[in-house]
Protein chains: 2
Amino acid sequence: MMRHRVTIEDVARAAGVSRQTVSRVINNKGEISPPTLERVMDAIQRLGYRPSWVARGLATQRTRTLGLVVPDITNPFFPEVARGVQDAARAKDYHVFLYNTDESAEREHQILYSLASQPVDGILLFGSRIADAELLAFAEYYRPLVVLNRPIIHPGVGVVLVDNLAGARLAVEHFVRRGHRHIGMLAGPPASPSSIQRVEGFCCALAEYQLPFQESYIVPGPPTLEGGRVIAEQLLCRHPELTALFAYNDMMALGAVQTCMALGYRVPEQRAVIGFDDIWIAALTHPALTTIRVNKYDIGYRAARCLLTILEDAAQSPPAVEIGVELVIRESA
Amino acid sequence: MMRHRVTIEDVARAAGVSRQTVSRVINNKGEISPPTLERVMDAIQRLGYRPSWVARGLATQRTRTLGLVVPDITNPFFPEVARGVQDAARAKDYHVFLYNTDESAEREHQILYSLASQPVDGILLFGSRIADAELLAFAEYYRPLVVLNRPIIHPGVGVVLVDNLAGARLAVEHFVRRGHRHIGMLAGPPASPSSIQRVEGFCCALAEYQLPFQESYIVPGPPTLEGGRVIAEQLLCRHPELTALFAYNDMMALGAVQTCMALGYRVPEQRAVIGFDDIWIAALTHPALTTIRVNKYDIGYRAARCLLTILEDAAQSPPAVEIGVELVIRESA
DNA sequence: TTGAAAGCGTTACCAA
DNA sequence: TTGGTAACGCTTTCAA
């Protein structure tokens with residue numbers, strides 16, 4: 001059986017000093033005479049003492065803990081983001097909790113407020129699906145928070161923005177260069193801000209190049225392989241004139257490619273497809289996917305850095321973190 | 001600014017009862033008269049009171065928190081595992097911390113002992129790379145722990161075992177059925193128990209079918225696409241007689257397929273490849289990968305269930321969780 | 001340079 | 001059914 005946890009008290013007794021002195025030693029705070037230091041260190045060593053995170057948390061009101069909220073860690077976009085967060089957190093000796101919302105606004109709400117009951121010093125919210133007003137209300141209620149792709153302006157709230165507009169434009173321009181004029185779009189979840197932004201960028205670019213457009217050239221759907229398949233089929237059957245498809249993300253793009261091939265079109269000769277994100281699989285499929293690359297690790301890393309900055313410098317609200325995008329030309333377009 | 005956190009004290013005062021009573025209400029413990037209950041509930045509501053996880057943790061010595069340790073969440077094997085863990089944890093209202101060891105025994109050691117300083121009630125250790133003795137020492141030192149693919153027998157330590165031996169045998173049998181006799185293996189990291197087990201199963205099956213064998217038919221390497229490429233090239237160049245390759249995991253298998261094709265072999269006609277794990281990408285590559293499927297979500301889910309059982313029933317050491325495998329025949333073999 | 005005492009927000013134990 | 005008091009393990013503040 002585990003014997004009584006060794007506490008600061010035990011160490012103090014063993015070293016013949018007060019708890020206070022031990023506390024000073026483990027926190028490198030205040031001056032301590034070498035002999036005392038040595039005795040304390042020795043006692044800590046001997047007893048295998050490890051300060052309790054929880055007790056310390058209660059005393060300081062800080063747990064050195066971050067909450068990372070994503071739609072689904074199984075979505076290939078997020079592991080890299082998470083990794084970036086963890087690396088940044090670890091460098092500052094923070095721990096990170098992980099939560100999945102499953103794209104459900106209700107679940108997200110629930111997680112957010114449960115997080116408020118303390119375990120974390122700050123929250124990273126990626127792929128948020130709750131309404132602006134609700135997010136704002138939460139930001140009001142809660143402590144440090146960093147959100148992805150939601151242009152919220154609020155003290156103590158950090159913002160990470162992916163240049164979705166530029167990305168969509170890049171895709172359209174590439175299609176145009178390849179001689180396409182009729183371009184359809186597989187949009188993502190209607191509640192997803194990044195989908196909304198990509199659609200907007202798409203529309204702008206279309207207008208700019210004076211390309212033909214109908215409302216039904218854009219169809220929303222779940223951001224999955226299956227979603228891509230279904231939407232692409234709808235698009236292609238209803239609009240045979242479409243020769244190019246721009247997808248909200250790579251998974252949908254992959255589904256779209258599959259549908260094209262199933263329908264007997266050669267890709268990219270007869271139907272071209274461009275995705276978004278450049279998840280690692282994009283380079284390995286056949287045909288390899290042309291896509292808009294987003295540095296996912298960077299999103300996580302820089303978002304976490306931003307959060308840590310806010311945490312250490314309470315007053316400051318750092319400027320928005322901007323994440324650039326880039327066109328990666330492979331085979332599908 | 002956030003005003004003073006509302007505490008149980010505030011609620012008690014507002015409801016005109018003692019803290020104790022409030023505590024009873026939020027924990028559904030003990031009998032409480034309806035009118036009191038109502039007043040307390042009302043006060044909680046009005047004040048927006050949320051019990052502090054940390055204070056509760058200090059008082060109960062339980063944080064309802066799990067630590068999940070994996071080599072790298074970016075490795076496509078682990079997101080699903082993590083998801084399983086999280087779903088199981090969430091069902092019991094536990095939170096989960098995530099850590100990456102980067103396949104480094106030293107880093108793993110560090111994380112494990114840092115976890116011991118409290119934040120978690122129990123640990124899930126997947127893809128461990130530390131030595132048996134060290135793991136045992138830690139199990140001795142530490143609280144509830146569940147490990148993957150390490151046949152550790154120790155009270156309070158749960159074990160999840162993937163049937164790697166059977167998996168390797170399945171692969172070899174399939175090769176044999178397809179007429180292959182000279183089979184090479186791309187082994188994983190030498191320190192990985194699951195790699196060791198897969199190699200062992202491979203050797204046994206080879207012997208059983210009296211297939212030709214040389215030590216150099218098995219070459220270890222990093223469990224990545226690149227690792228697979230390099231090892232496959234070594235194997236194929238040194239042993240042109242090999243017509244079939246069994247890989248430690250799907251990433252290596254994918255690399256092996258690439259090398260085969262780069263070397264001018266057709267897959268599966270001239271060189272066949274079988275992977276392990278059945279990560280989701282395996283079905284999407286060209287050729288699609290024949291592989292040994294492991295239910296990754298299940299690993300996480302059942303491991304977490306096992307840990308929670310130990311936590312709730314301290315004495316009990318549940319039986320090992322066994323995870324079956326299955327051959328998935330696609331195109332690469 | 002060191003120590004004593006109070007406090008962080010909750011639960012546990014024992015009375016009332 | 002309810003309340004008082006003492007933990008839980010640490011840091012902070014103030015003295016010595």
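So that the names make sense, note that chain A is the first sequence line, chain B the second, and so on, each numbered from 1.
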Are any of [X]'s side-chain N or O atoms less than 4.0 Å away from OP1 or OP2 of [N]?
X     : N     : result
B/Q61 : D/dG9 : yes
B/T21 : D/dG3 : yes
A/S18 : C/dG3 : yes

List, one per line, each side-chain donor-acceptor pair under 3.5 Å for residues 37-51 of chain B, sequence neighbours excluded.
residue, atom, partner, partner atom, Å
B/D42, OD2, B/R46, NH1, 2.7
B/R50, NH1, A/Y113, O, 3.1

Practice problem: Please list, chain by chain and in numerical order, all residues satisfying side chain to side chain contact (heavy atoms under 4.5 Å, CB included) with B/D93, sequence neighbours excluded. | Solution: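 Side chain to side chain contact (heavy atoms under 4.5 Å, CB included) list for B/D93, sorted by chain: B/W53, B/R64.
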
Quiz item: What residues, two or more places apart in sequence or in another chain, satisfy side chain to side chain contact (heavy atoms under 4.5 Å, CB included) together with A/A191?
Solution: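 For A/A191, the residues satisfying side chain to side chain contact (heavy atoms under 4.5 Å, CB included) (neighbours in sequence not counted) are A/R129.
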
Expressed in angstrom and rounded to an integer, what is the separation of [X] atom [atom1] from [N] atom [atom2]?
X     : N      : atom1 : atom2 : answer
B/E38 : D/dT2  : CD    : P     : 13 Å
B/E9  : C/dG9  : CD    : P     : 10 Å
B/R62 : C/dT10 : CZ    : C1'   : 16 Å
B/R64 : C/dT10 : CZ    : P     : 16 Å
B/R13 : C/dG9  : CZ    : P     : 12 Å
B/L58 : D/dC10 : CG    : P     : 9 Å
B/N28 : C/dT11 : CG    : P     : 12 Å

Quiz item: Is the closest side-chain donor-acceptor distance between A/S18 and A/T21 under 3.5 Å?
Solution: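 Distance-only check passes for A/S18 and A/T21.
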
Practice problem: Output every pair passing salt bridge (charged side-chain N to carboxylate O under 4.0 Å, His left out) with a member in residues 104-114 of chain A, not counting sequence neighbours, ordered by first then second residue. | Solution: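 Qualifying pairs, neighbours excluded: none.
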
Self-check item: A/T36 side chain, from C-beta outward: closest of D/dC10, C/dT2, C/dG9
Solution: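 Side chain of A/T36 sits closest to C/dT2.
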
Practice problem: Can you sort out the partners of A/E9 under salt bridge (Lys or Arg N to Asp or Glu O under 4.0 Å), two or more places apart, ordered by chain and number? | Solution: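 Residues passing salt bridge (Lys or Arg N to Asp or Glu O under 4.0 Å) with A/E9: A/R19.
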
Identify all side-chain donor-acceptor contacts of residues 71-81 of chain B below 3.5 Å with residues at least two apart in sequence or on another chain.
residue, atom, partner, partner atom, Å
B/D72, OD1, A/R83, NH1, 3.0
B/D72, OD1, B/T74, N, 2.9
B/N75, OD1, B/F77, N, 2.9

Exercise. I would like to know whether A/Y301 and A/N295 meet side-chain hydrogen bond (donor to acceptor under 3.5 Å, both in side chains); could you show each step before the answer?
Key: CA-CA 10 Å; A/Y301 192 86; A/N295 189 333; over 6 Å; no

Self-check item: Under 4.0 Å protein heavy-atom contacts per nucleotide of nucleotides 11-16 of chain D, with B for base, S for backbone only and - for none
Solution: BB----

Self-check item: Divergence of helical axes at both termini of the helix from C/dT1-D/dA16 to C/dA16-D/dT1 - five pairs an end, 10° steps
Solution: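 Angle reported: 30°, given to the nearest ten degrees.
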
Practice problem: Name all residues meeting the ring pair (Phe, Tyr, Trp, His ring centres under 6.0 Å) criterion together with B/F97; count only those two or more places apart in sequence or in a different chain, and write none if there are none. | Solution: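 Partners of B/F97 under the ring pair (Phe, Tyr, Trp, His ring centres under 6.0 Å) test: A/H95, A/F97.
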
